[in-house]
Amino acid sequence: MINAPQTQQELLQNANRLAGKTLVHLAQIMHEKPPQDLKKQKGWCGQFIERCLGADGGNLPQPDFSTLGIELKTLPISPHGLVQESTYVSVVNLKGALGQNWRESVVYQKLKQVLWVPIAHVKGQSLLESRIATPFFWSMDSTQERLLRQDWENVMDKVSMGEIHQISARMGEVLQVRPKAAHSRVITETINEDGESSQTLPRGFYLRSRFTQSLLDRALKR
DNA sequence: GAATGATCATAT
DNA sequence: ATATGATCATTC
């Protein structure tokens, strides 16, 4: 369960073995002690599942299973199968936006193939009591790609024009942009309307939950 | 309640 | 600071 999978099939088999288990149970199997305050360790669950499945991407801007080109994403759901949160994809490149190509973008590279691991959390219960639901593999179809690409290009057009202040989370049918930083005083370099270097809050691309919901619904039907 | 903007932990 | 993993919490 810890060695990096060599094939997609192997990864899917490993992932399916997680289904039905609670996070505490899994942690026991992995000989890991879960953190005390899961409210603060927001990313623990995702990184824990990465360890369970042998992801090797590290925190580099590339898919978690680099040789397979497959990204791993946990998906918080309610016991009824309702997606509870948006899904972080990658940071927005705020410099040198000009000439960036959709298919070469980190967003496309990471979303091209995703292993979704839904995790059912009962409201009021500890996150550790959450149960891994049935993982599912997704590769974007042409319709989904059109939507994602449109949203991505609209954002990158604004970035390349230096109009970052015009970007808000209200933009985007399926892919939105929101702050991505430790706090609101963090700054990163960008290019303003006059082509000069300036500073702004780092942003990230996020999938709207209604989009990931549609992926989950389709996976359950099949 | 959902959505947007803010934030927390960790590694490099 | 930049990237990963995300969810929190205030606003609407």
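Just the heavy atoms: all of them, side chains too, but no hydrogens, waters or symmetry mates, feed the values below. Reminder, nothing fancy here: chain letters follow the sequence lines and each chain counts from 1.
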It should be established whether [X] places a side-chain nitrogen or oxygen under 4.0 Å from OP1 or OP2 of nucleotide [N].
X      : N      : result
A/Y88  : C/dT4  : yes
A/Q47  : B/dT10 : no
A/R208 : B/dA2  : no
A/K73  : C/dA6  : yes

Considering every strand and a 4.0 Å limit on heavy-atom distances, what is the contact class for [X]: base, sugar-phosphate, or nothing?
X     : result
A/S90 : sugar-phosphate
A/Q41 : sugar-phosphate
A/K95 : nothing

Side-chain ion pair, A/D151 and A/R208, N-O less than 4.0 Å: no

For the atom pair CD1 (A/I132) and SG (A/C45), what is the distance rounded to the nearest 0.5 Å? 6.0 Å

With sequence neighbours left out, write down each residue that passes side-chain contact (heavy atoms from CB on, under 4.5 Å) with A/T188, or none if nothing qualifies. A/L94, A/T200, A/P202

Between the base of [N] and the side chain of [X], is there a donor and acceptor pair under 3.5 angstrom?
X      : N      : result
A/Y206 : B/dA3  : no
A/K180 : C/dG5  : yes
A/R178 : C/dT7  : yes
A/K40  : B/dT10 : no

For residues 38-49 of chain A, which residue pairs pass the salt bridge (Lys or Arg N to Asp or Glu O under 4.0 Å) check, not counting sequence neighbours? none

